[in-house]
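Below is one structure, written out as structure tokens, with a few remarks after it.
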Amino acid sequence: MIEILYQLFMGRSGAKLKSIDLSHVSAFRRKVYRELSRVPRGRVTTYGAIARKIDSRRFARAVGTAVASNPLSLVIPCHRVVPASLEVGNYGMPGRKPSEGSYIKRGILQREGVEFEGSKVSKESLWV
DNA sequence: CCGAAGACACATA
DNA sequence: TATGTGTCTTCGG
């Protein structure tokens, strides 16, 4: 775990997720988190893209619920996932208004170097 | 078990 | 732009 946090601190996200215990997490969610952890700093991906990598695009909504309740918010870069519209999307912040969550999310992304065109992230920031 | 809800996607008008 | 529909995992009764 310390290893992971160190990697994050050094800006090396996408680091190994291996050492984390995911035994009590459903297989589906493990897949989601695995893909999510591959997204590097300064890039974003979409719920649909993750869904597609796992299986099919139809899983998009399910991916959303999986990410929303991710148990490792500091380790898994859940802020690097945006809807296909490329808008910022939501960011669950219990107790706060959705708008605040989006604001925070966007702030994090910008700090990581993601470029924005208006209310949307630029396609260049999309991770392939 | 079953029903409802969800950090979505996409087609249609 | 605005609605409506398709799909799948979770969670609560």
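Just so we're clear, the structure is a prediction, and the values are computed from it rather than from any experiment. Note: hydrogens, waters and symmetry copies are ignored here, and every other heavy atom, side chains too, is used. The chains referred to below are lettered A, B, ... by the order of the sequence lines, with proteins before strands, and numbering in each begins at 1.
We find the OG1-CZ distance between Thr45(A) and Arg38(A) to be 11.5 Å, quoted to the nearest 0.5 Å. Going from atom CD1 of Ile108(A) over to atom OH of Tyr103(A) covers 11.5 Å, rounded to the nearest 0.5 Å.
Protein atom CD1 of Ile50(A) is 15 Å distant from nucleotide atom P of dA7(B), rounded to whole Å. Taking atom OH on Tyr33(A) and atom P on dT9(C), their separation rounds to 14 Å, with Å as the unit. In this structure, the NZ atom of Lys120(A) is 12 Å from the C1' atom of dT1(C), given to the nearest Å. In this structure, the CZ atom of Arg57(A) is 13 Å from the P atom of dC8(C), given to the nearest Å. At whole-Å resolution of the value, CD1 in Ile54(A) and P in dA9(B) are 13 Å apart. To the nearest angstrom, C1' of dA7(B) lies 18 Å from CZ of Phe59(A). Taking atom CZ of residue Arg106(A) and atom C1' of nucleotide dA7(B), one finds them 17 Å apart after rounding to whole Å. Following rounding to the nearest Å, Arg52(A) (CZ) and dC8(C) (P) show an atom-to-atom distance of 16 Å.
Within 4.0 Å (heavy atoms only), Ala84(A) reaches sugar-phosphate atoms of the nucleic acid but no base atom. Note on Gly89(A): nothing from the nucleic acid sits closer than 4.0 angstrom, heavy atoms only.
Partner assigned to dC11(C) is dG3(B), using Watson-Crick or G-U wobble distances below 3.5 angstrom. dT5(C) and dA9(B) make up a base pair, with Watson-Crick or G-U wobble contacts both under 3.5 Å.
Toward the 5' end of DNA chain C, the nearer of the two residues Ala60(A) and Ala66(A), judged by each one's closest nucleotide, is Ala60(A).
Checking dC8(C), dA9(B), dA7(B) against every side-chain atom of Tyr91(A), the shortest atom distance belongs to dA7(B). Among the nucleotides dC8(C), dA9(B), dG6(B), the one closest to the side chain of Arg61(A) is dG6(B). Minimum atom distance to the side chain of Ser26(A) is reached by dT10(C), of the listed dA7(B), dT10(C), dC8(C). Ranking dA9(B), dT9(C), dT7(C) by closeness to the Phe28(A) side chain, first place goes to dT9(C). The listed nucleotides are dA7(B), dA9(B), dG6(B); the one nearest the side chain of Thr65(A) is dG6(B).
Figure legend: Arg106(A) and Phe116(A) shown as a cation-pi pair, the cationic atom lying under 6.0 angstrom from the six-membered ring centre and within 45 degrees of its axis.
Contact of the Arg41(A) side chain with the Arg80(A) side chain is registered, since non-hydrogen atoms from C-beta on lie closer than 4.5 Å.
Glu117(A) has no carboxylate O lying under 4.0 Å from a charged side-chain N of Lys123(A), or vice versa, which leaves the two without a salt bridge.
The base of dG6(C) does not come close enough to the side chain of Arg58(A) for any donor and acceptor atom to sit less than 3.5 Å apart.
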